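Take a look at the structure below.
As a basis for the values below, the full set of heavy atoms in this structure was taken, side chains included, without hydrogen atoms, waters or symmetry mates. No experiment lies behind these values; they were computed from the predicted model shown.
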Amino acid sequence: MDYLLQQTINGLTIGSVYSLIAIGYTMVYGIIRMVNFAHGEVFMIGAYSALLAIMACFSLGLTSVALVILVALIVSVVVCAFCGWTIEKLAYKPLRNSFRLAPLISAIGASIFLQNAIQLSQGARIKALEPLITGGIILTKSDGFAVRLSYIQCAMLVLTLLLMGALSYFVSSTTLGRAQRACEQDITMAEFVGVNVDRTISATFVIGAILAAIAGTMVLLYYGVVDFYIGFVVGVKAFTAAVLGGIGSLPGAVIGGLLIGLIEAFWSGYFSVEYKDVAVFVVLILVLTLKPSGLLGRPDIEKV
């Protein structure tokens, strides 16, 4: 039972990261019915930006861990917000009214460009970071096995809960949030009644990029390593989480991300870690076979 509890904590921790990234996929798809396949690379850029900011802070003599992490988070958010805005303006807006495959190809091209740009500028080797947040809480201990909740896991879970609450309030109670919901229901009618569709779509990309930046910073602090390829791997899993929960549904993205994290943790803990990704995609196939719209998704209704 103690081992099960430990794997549950580990699964919820990494699942919270998947949830934050999956929200970016599902928000964009909910409004323009297109998948931002460069979103994983935005997450990767967020991790690299945080790493470079931390290294710069240490080189300048800053010793406060809290201040260094705050600076890294701000730098990561600013860089990723600009990336998200740029991707929408260059890869999506010019092709918004084109045939369906055009923006998909454009997004894949943006993903490849960003991945190779980081590889050329930062190198292909894995970059490591010494742990900045150490220590933890021993929840239970029996038969020599201790269930441990580290401080970085606490920070990740609490931050994710705060961001989910803030995003829920933002979507339901702010002017931009109401504009997003209007565009999700009918983007043409939303434009007719005065909603600035271009600004709403750009803001949606930026919000998703900000969440990806925070997720990238958390992953850097949690694992302490980053490379140019993590955007593809984590991005695919987050996209799987969005589809599993029901792409277009914000609660579905959260639930899907947590489920993916738990599946990975349990499979790694009780079976073989080499096949944890296979387990994730097998579950996805089963869900899509039994419920193609995902757990909380609604089937699209073709408007005529």
Side-chain angles (χ1 to χ4, degrees), residues 16-36 38-39 42-43 45-46 49 70 73-89 91-93 96 155-218 238-239 241-242 245-258 294-298 300-301 303:
S16 64
V17 173
Y18 294 150
S19 295
L20 290 178
I21 305 172
I23 287 175
Y25 283 111
T26 207
M27 288 181 71
V28 170
Y29 181 85
I31 292 180
I32 63 177
R33 292 295 186 269
M34 297 174 185
V35 179
N36 179 14
H39 193 56
V42 175
F43 156 81
I45 289 174
S49 300
L70 179 61
L73 194 59
I74 293 173
V75 171
S76 179
V77 165
V78 171
V79 171
C80 287
F82 176 75
C83 285
W85 181 84
T86 304
I87 289 171
E88 193 276 327
K89 294 300 181 185
Y92 278 90
K93 186 177 179 181
R96 198 179 298 164
M156 291 171 69
L157 293 171
V158 170
L159 181 57
T160 300
L161 288 174
L162 291 175
L163 289 172
M164 298 304 180
L167 183 64
S168 177
Y169 172 80
F170 174 83
V171 172
S172 62
S173 303
T174 65
T175 301
L176 181 56
R178 287 190 289 270
Q180 289 176 321
R181 287 185 283 124
C183 291
E184 179 183 7
Q185 292 181 9
D186 193 318
I187 195 168
T188 303
M189 286 303 300
E191 191 169 18
F192 282 158
V193 298
V195 173
N196 190 327
V197 172
D198 288 338
R199 186 182 66 181
T200 302
I201 294 174
S202 295
T204 302
F205 272 80
V206 169
I207 292 170
I210 289 173
L211 295 177
I214 297 173
T217 305
M218 293 196 306
F239 176 68
I247 193 163
S249 168
L250 291 181
V254 176
I255 293 174
L258 295 177
L295 298 178
L296 299 183
R298 294 171 296 178
D300 286 337
I301 300 174
K303 295 180 177 67

Quiz item: Side-chain contact, heavy-atom cut-off 4.5 Å: Ile201 with Ile187?
Solution: yes
Quiz item: What distance separates Ser76 OG from Phe43 CZ, expressed to the nearest 0.5 Å?
Solution: 9.5 Å
Practice problem: Report the residue from Val171, Val195, Thr175 that forms a side chain to side chain contact (heavy atoms under 4.5 Å, CB included) with Gln180. | Solution: Val171
Quiz prompt | Nearest heavy atoms of Trp85 and Ser202, plus distance in Å | solution = CD1-CB, 4.2 Å
Quiz item: Does atom CZ of Phe170 have more than 12 heavy-atom neighbours, drawn from other residues, nucleotides or ligands, at distances under 6.0 Å?
Solution: yes
Exercise. Could you check if a side-chain atom of Leu167 sits within less than 4.5 angstrom of a side-chain atom of Ile207, using non-hydrogen atoms only?
Key: yes
Quiz item: Side-chain contact, heavy-atom cut-off 4.5 Å: Val28 with Val35?
Solution: no
Practice problem: Could you tell me which non-hydrogen atom of Thr26 sits nearest to which non-hydrogen atom of Gly246, and how far apart they are? | Solution: OG1-O, 4.0 Å
Quiz prompt | Smallest separation among heavy atoms of Gly84 and Phe205, with atom names | solution = O-CB, 3.7 Å
Exercise. I would like to know whether Ser168 and Leu250 meet side-chain contact (heavy atoms from CB on, under 4.5 Å); could you show each step before the answer?
Key: CA-CA 9 Å; Ser168 177; Leu250 291 181; over 6 Å; no
Practice problem: Would you name the heavy atoms of Thr217 and Gly46 that are closest together and state the gap between them? | Solution: OG1-O, 4.2 Å
Quiz item: Which atom names give the shortest non-hydrogen contact between Val75 and Ser49, and what distance separates them?
Solution: CG1-O, 4.1 Å
Practice problem: Looking only at non-hydrogen atoms, find the nearest pair between Ile21 and Ala215 and report the distance. | Solution: CG1-CB, 3.8 Å
Practice problem: Supply the atom-to-atom distance Ser249 OG to Ile255 CD1, rounded to the nearest 0.5 angstrom. | Solution: 7.5 Å
Quiz item: Say you draw a straight line from CD1 of Ile31 to OG1 of Thr204; how long is it, rounded to the nearest 0.5 Å?
Solution: 3.0 Å
Exercise. Measure the spacing between SG of Cys80 and NE2 of His39 and express it to the nearest 0.5 Å.
Key: 9.0 Å
Quiz item: Got Tyr92 and Asn36 here, is their nearest side-chain heavy-atom distance under 4.5 Å?
Solution: yes
Quiz item: Are Ile23 and Met164 close enough, and set up right, to give a side-chain contact (heavy atoms from CB on, under 4.5 Å), and what steps lead you there?
Solution: CA-CA 10 Å; Ile23 287 175; Met164 298 304 180; 3.4 Å; yes
Quiz prompt | Between OG1 on residue Thr160 and CG on residue Leu20, distance to nearest 0.5 Å | solution = 4.5 Å
Quiz item: How many angstroms lie between OG in Ser172 and CZ in Arg178, if you round to the nearest 0.5 Å?
Solution: 9.0 Å
